[in-house]
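As structure tokens, the structure follows; a few thoughts come after it.
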Amino acid sequence: MDIAFLMLLVLSLLLFPNGICKSLATGPPVVNIGSILQFDSTTGGVAAVAIHTALEDINSDPTVLNGTTLKVQIKDTNCFDGFLGMVQALQFMETDVIALIGPQCSTISHIISYVANELRVPLMSFASDATLSSIQFPFFVRTGPSDLYQMAAVAEVVDYNHWKIVTAIYIDNVYGRNGIAALDDALTLKRCKISYKVGFPSNAKRSDLINLLVSVSSMESRVIILHTGTEPGLKLFSIAHQLNMMGNGYVWIATDWLSAYLDANSSVPVETISGLQGVLTLRPHIPNSKMKSNLVSKWSTQSKKYNYSDVCINTYGFYVYDSVWAVAHALDAFFDDGGRISFSNDLHDGTGGTLHLEAMSIFDMGNKLLEKIRKVNFSGLSGQVQFDAVGNLLHPAYDIINVIGNGMRTIGFWSKYSGLLSTVSPEALDSKPPNTSLANQHLYDVIWPGETAQRPRGWVFPSNAKQLKIGVPNRFSFKEIVTVDNATGSMKGYCIDVFTQALALLPYPVSYKFVPFGNGTENPNYDKLVQMIESNEFDAAIGDIAITMRRTVTFDFTQPFIETGLVILAPVKEHITSSWAFLQPFSLEMWCVTGLFFLILGVVIWILEHRINDDFRGSVCQQIITIFWFSFSTLFFAHRENTMSTLGRGVLIIWLFVVLIIVSSYTASLTSILTVQQLDTSIKGIEDLKNSNDPIGFQVGSFAQDYMVKELNISRSRLRALGSPQEYAEALKIGPKEGGVMAIVDERPYVELFLSTYCKIAVAGTDFTSRGWGFAFPRDSPLQVDLSTAILSLSENGELQRIHAKWLNTGECTTDNSELVDSNQLRLESFLGLFLICGVACVLALLLYFGIMLCKYLRHEPWKSLRRFISFVHGKEPPKNKERQSMSLPGSSTTTTPMSSHSSLDMERPARPVRNGSIIDMES
């Protein structure tokens, strides 16, 4: 009997090793876990019901814990009174528990995390404070999403709607301050910022909250982020509604506290929900599943059972339920790996005294249980429960919700996996490769506060705003651009008119004053002008400010209101026609290629015609003369030789078309050279300036100096600063040898004004930079965006052109007479298409001709050598009428005698047409 039992035991071990080991690794009858909650809060009530429900499901499941019963001890704490809550939590830590669920508030979580580290008790917390980390607190396990991701989602919503500044209101505790710090970081990544932030204590009076919202309403931003608890948050919304801050133009974004409250309360008071219309809020995303539906269906019964009948489940309930199950699965693995539940009292006062710490016990194998918790991987109600390396849940996601009517509407989702806003559920995106293209961002339409679907601008000029101090260059030269009116002391000019006309298109008033920059005796330094924006001496700068890459690093510029570019001014003289003017219409390459094609055409026609056309036969010298004569006579359409072959006629037609174009272009260009006044200069472009050592002029204060030095590598010693149009003209007149300059580099608008008066100077070459003038503002200024839109409107309605004509189209000379006329030479590039067509036609004709000749040759005799084939091709073709006569003679032989290598030369000439259309044999 004993032998049979032993054999059965061995067989069981071999067949079911895991099951036998598991049964042998049975844990204790009861295992205690703890929980720290605030019972009188919405989240605390939901968490309590979720914990008890999870324990019922675990203890009734025979596949979990193998007979061990999991029990919970819950401690009620005060989250709003930090000191009292801390004392209550520390008292609870005297209980021997192997894990803690909670606390729900970040303040107590920080304190308990220190204690949990010393007692080696895993802390399964759903507190969202981003500064709680397993790096600092190894036994801290976050079982809900972090504020780090929630604030990233908020920043994405702000950026998606093109808002640049926001106002942040927060509760002044660890949870609020750290949440806003995370928001600030997330907004910075999107090049947005918090322009105004204000905190308040949890026990703030109503009068304090009213003063807070009044100060917020006087700020520039109308996008308000509210990061508080439920009670103070609802109180703020109620006051904001009474202060008319829930109407048009405002944007309110509440963090997940609002969605948690609305989800957990089946009947929200009418006055509360009416003050939330148009608000955006976030909710941690919970995917739909059968397990989720089962818990929701029995939640009503469970909440009544545990005296929370007025509480519905929200997202925190799902996370708490999964937290208990994570502990259960970890305990299973813990017991299977030989883990034991035991506690020891090894806490000592490091100073040598006693702090009565003997009441607290250390969980001896807490490290092992923590390891098992971090390795859990199962499908829970909140989705896949799995932790990353730092103890956060994988793939956190949020629903973006719009409060409308009596409920909430999901307008999209944000997930860490994609980092973008989308109307596709996160679990659907998780199964696809990540696509971070901003073009994929999309949300459904939002009903904003004030019951409008039009997206608010997000900012206004604050009611207590001071006048904008706008720096304007006080120019000495080219005063049409911008200058001070000596009579009135006001600013005037082209740039001033553009700015004032753009401001008139804005849908709100802007209070400003112009502050001249410069003494008026010389042009100011524009780099110093824009730098005064950074030092807050000016709120903006307008004028002829070039948009350069270096300036855009620090400042924001409006849409350019005029296109500019650097050009070269050089003195010109009338071009004197030389004795060889007839060669000027074509460049050297054009002359060479044209002559080459004449010869090629002659050779091709000779090849195609000499076998059948006596005009292309004769001695070698005569044939060469014929080739040259025929090809060049086509230039005047005076060729007398007839072309008899179809291929030759086709090539000749194409060539005559090419000749027609070339002759017409030559005639027109030569006429222009001999009759139209030409302006000439020794400078053709920027390369001539770089290769020379002569001085170059530039306008005082212009960016042209730095551009030539840094970009063109021109020595600074060669540059001469010139302050007025008169200095321009004088420096160019006397030239570099007499102390002047060889050329001046300046921007196109100044050049146009200069040339309207000085007609003996012209532009050499073309613009070698492409830039524009714009108005400079501080980084992320909302006024810059609206002014850019206004400038585009001015351009579209023609007002910008009228302003340009008013200020910049003046003077005696016109730009048509002052522009430097470049060389009228016709270059090869203009005729490459014609030559290509002619060349292809010649090649195809020759290929077809030699193909026909090869067929004829093989018809008379088999291939013997290339020399015999060339001799055959060179020979004269017999007349077709003679061939027909020989074929019709009576008794003629049907056998064809092969032709000798020279027989074709002795044949008769081909028949030629005469006036009456008959064919006459021309005997040789």
Side-chain angles (χ1 to χ4, degrees), residues 35-58 60-61 72 74 76 79 101-105 124-128 142-145 150 229-231 233-234 254-269 272-273 281-328 378-385 393 396-399 401 403 406-410 413 425-427:
S35 180
I36 300 175
L37 304 172
Q38 182 173 346
F39 291 165
D40 60 353
S41 67
T42 300
T43 301
V46 171
V49 177
I51 291 174
H52 287 297
T53 305
L55 289 177
E56 289 182 9
D57 294 343
I58 292 170
S60 62
D61 190 340
V72 64
I74 303 179
D76 184 17
C79 282
I101 308 298
Q104 69 189 66
C105 52
M124 312 292 287
S125 176
F126 50 95
S128 59
R142 192 190 304 278
T143 58
Q150 178 174 210
T230 302
E231 184 178 347
L234 294 177
T255 50
D256 59 356
W257 65 266
L258 180 57
S259 63
Y261 166 77
L262 295 176
D263 285 336
N265 291 272
S266 57
S267 58
V268 179
T272 299
I273 199 69
T281 184
L282 284 79
R283 175 203 290 148
H285 178 72
I286 304 296
N288 294 322
S289 64
K290 186 176 180 180
M291 292 185 296
K292 175 183 175 182
S293 301
N294 292 338
L295 180 59
V296 171
S297 62
K298 66 179 181 180
W299 183 266
S300 177
T301 303
Q302 293 295 106
S303 61
K304 291 178 181 178
K305 181 178 179 181
Y306 296 105
N307 300 320
Y308 290 99
S309 57
D310 57 341
V311 174
C312 301
I313 191 169
N314 60 18
T315 53
Y316 287 104
F318 297 118
Y319 285 119
V320 171
Y321 183 92
D322 285 345
S323 300
V324 181
W325 270 96
V327 173
F378 65 95
S379 296
L381 296 181
S382 60
Q384 194 66 23
V385 179
L393 289 172
Y398 283 88
D399 301 341
I401 296 171
V403 180
N406 294 325
M408 298 181 290
R409 171 174 169 261
T410 301
F413 308 94
S425 64
E427 54 268 21

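All residue numbers in this chain count up from 1 along the given sequence.
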Please check this pair: side chain of [X] against backbone of [Y], looking for a donor-acceptor N/O pair closer than 3.5 Å.
| X | Y | result |
| --- | --- | --- |
| S35 | I101 | yes |
| D399 | T410 | no |
| T272 | V268 | no |

(message) Does R283 form a side-chain contact (heavy atoms from CB on, under 4.5 Å) with D263? I'd like the steps, not just the answer.
(response) CA-CA 10 Å; R283 175 203 290 148; D263 285 336; 2.9 Å; yes
Heavy-atom pair of closest approach, residues [X] and [Y]:
| X | Y | answer |
| --- | --- | --- |
| A54 | V324 | CB-CB, 3.7 Å |
| Y261 | P269 | OH-CD, 4.0 Å |
| M124 | A326 | CE-CB, 4.0 Å |
| V46 | W299 | O-CH2, 3.4 Å |
| V320 | A47 | CG1-O, 3.7 Å |

(request) Please assess L262 against V403 for the test side-chain contact (heavy atoms from CB on, under 4.5 Å), listing each intermediate value before the final yes or no. (result) CA-CA 10 Å; L262 295 176; V403 180; 4.1 Å; yes
Mind checking what makes side-chain contact (heavy atoms from CB on, under 4.5 Å) contact with [X], not counting sequence neighbours?
| X | value |
| --- | --- |
| H52 | V72, I74, Y306 |
| A127 | S106, S109, S125, L132 |
| L282 | Q150, A153, V154, I253, Y398, I400 |
| D61 | T63, V64, W325 |

(message) Going by salt bridge (Lys or Arg N to Asp or Glu O under 4.0 Å), name the pairs with one or both residues in residues 286-302, residues two or more places apart or in two chains.
(response) D57-K298
I'd like to check the side-chain hydrogen bond (donor to acceptor under 3.5 Å, both in side chains) partners of [X]; sequence neighbours left out, ordered by chain and number.
| X | value |
| --- | --- |
| K305 | E56 |
| S128 | D147 |
| S293 | none |
| T281 | none |

(message) What verdict does the side-chain contact (heavy atoms from CB on, under 4.5 Å) test give for L295 and I313, after you've listed the backbone C-alpha separation in whole Å, the side-chain angles of each residue and the deciding distance to 0.1 Å?
(response) CA-CA 9 Å; L295 180 59; I313 191 169; 3.6 Å; yes
Just how far is it from atom [atom1] of [X] to atom [atom2] of [Y], taken to the nearest 0.5 Å?
| X | Y | atom1 | atom2 | answer |
| --- | --- | --- | --- | --- |
| S379 | D322 | OG | CG | 9.5 Å |
| S382 | M291 | OG | CE | 9.0 Å |
| T143 | Y319 | OG1 | OH | 9.0 Å |
| F318 | F126 | CZ | CZ | 14.0 Å |

(request) Enumerate the residue pairs fulfilling side chain to side chain donor-acceptor pair (under 3.5 Å) with a member in residues 308-318, sequence neighbours excluded, ordered by first and then second residue. (result) D256-Y316
(message) As a quick check of understanding, evaluate side-chain contact (heavy atoms from CB on, under 4.5 Å) for L37 and I51, giving each step before the final call.
(response) CA-CA 11 Å; L37 304 172; I51 291 174; 4.1 Å; yes
(request) Just jot down the ring pair (Phe, Tyr, Trp, His ring centres under 6.0 Å) partners of F413, sequence neighbours excluded, or say none. (result) H285
(request) Identify, with sequence neighbours excluded, every residue that meets ring pair (Phe, Tyr, Trp, His ring centres under 6.0 Å) alongside F39. (result) none
(request) Decide side chain to side chain donor-acceptor pair (under 3.5 Å) for Q104 and T43; before the verdict, give the C-alpha distance in whole Å, the side-chain angles of both, and the deciding distance to 0.1 Å. (result) CA-CA 8 Å; Q104 69 189 66; T43 301; 4.9 Å; no
